Structure formats: structure tokens, C-alpha cells
Asks: 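One structure coming up, written as C-alpha cells, with questions to follow.
Here the structure is a predicted model, which means the values were calculated and not measured.
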Amino acid sequence: MAHDNVIAVLGATGTQIAAALGTAIGEPVAYRPPTHDQVRGLGFPGADELGNMFQYYAEFPGSYLGRRDLEAARAFNPDPLSLTGFLAAHRAELTA
């Protein structure tokens, strides 16, 4: 059973996602990721672990992107929305 809020953004960079969002809402969107240390310093429970996870993703993208089984994911949802499709479908909510 497909759900309209399931989107496929595999492999999209933060810059590409920001550009797609900017196009959808009609204004520039900048991608400004915090540093790993800034995330660790946010002070909430789990901030250290979240910063470590983001650092791992940045330094070793092949170790987790390569493990994603797209065929298995498509068994659950054979037709996920693209990022641009999702943004277009929800433009009104994004600009409210």
C-alpha cells in the first residue's frame, strides 16, 4: 500500500534538496549544515550520538548508502513520490 508522504530522496545532497525546496516555494533556500561539533553541543539527550552519526555519514557514505536494498523498499511502496513531486503536492503547506 503506497502512502503519498513516502518520498524517494536517495542520493540527494543537502544542496540539491535546498534547491528543490527553493524552486517549490519560489524563493532561495540555502543549505547551511551545522558542524558535527555544533550538533554535539546542542545540549539535548542524544546530541553527541547524533553528531557522531552525521560525522559518520559524511565521512563514510558508501558504508550505509550501498547497503540500502531499493528492491526491498519498492516491495513496500512500488511508486514513492520523488522529492520534487512531494514538494509540488505540498507547496501550499510549505508556503503557509
Asks: Holding to ring-ring contact (aromatic ring centres under 6.0 Å, His included), I want the full list of residues that pass it with Tyr31, two or more places apart in sequence or in another chain.
Replies: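 Result, ring-ring contact (aromatic ring centres under 6.0 Å, His included) vs Tyr31: none returned.
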
Asks: Please report the closest heavy-atom contact between Val29 and Ala18, naming both atoms and the distance.
Replies: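 So the two residues come closest at CB-O, 3.4 Å.
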
Asks: About how many Å separate CD of Gln55 and OG1 of Thr35, when rounded to the nearest 0.5 Å?
Replies: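 CD of Gln55 is found 9.5 Å from OG1 of Thr35.
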
Asks: Testing the basics here: between Ala58 and His36, what is the closest heavy-atom pair and its distance to 0.1 Å?
Replies: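 Result for this residue pair: CB-NE2, 3.8 Å.
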
Asks: I need the full list of salt bridge (Lys or Arg N to Asp or Glu O under 4.0 Å) pairs touching residues 23-46, with sequence neighbours left out, sorted by first then second residue.
Replies: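 Of all non-adjacent pairs touching residues 23-46, those that pass salt bridge (Lys or Arg N to Asp or Glu O under 4.0 Å) are Asp37-Arg40.
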
Asks: Using the side-chain hydrogen bond (donor to acceptor under 3.5 Å, both in side chains) criterion, which residues pair with Thr84? Sequence neighbours excluded.
Replies: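 Partners of Thr84 under the side-chain hydrogen bond (donor to acceptor under 3.5 Å, both in side chains) test: Ser82.
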
Asks: Among pairs that include at least one residue of residues 46-63, which meet salt bridge (Lys or Arg N to Asp or Glu O under 4.0 Å), considering only residues two or more places apart or in two chains?
Replies: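 Sorted pair list comes back empty.
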
Asks: Write down the atom of Leu21, the atom of Leu87, and the distance for their closest heavy-atom approach.
Replies: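 The answer is N-CD1, 3.6 Å.
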
Asks: Holding to side-chain contact (heavy atoms from CB on, under 4.5 Å), I want the full list of residues that pass it with Leu50, two or more places apart in sequence or in another chain.
Replies: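 Residues passing side-chain contact (heavy atoms from CB on, under 4.5 Å) with Leu50: Val39, Phe44, Met53, Phe54.
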
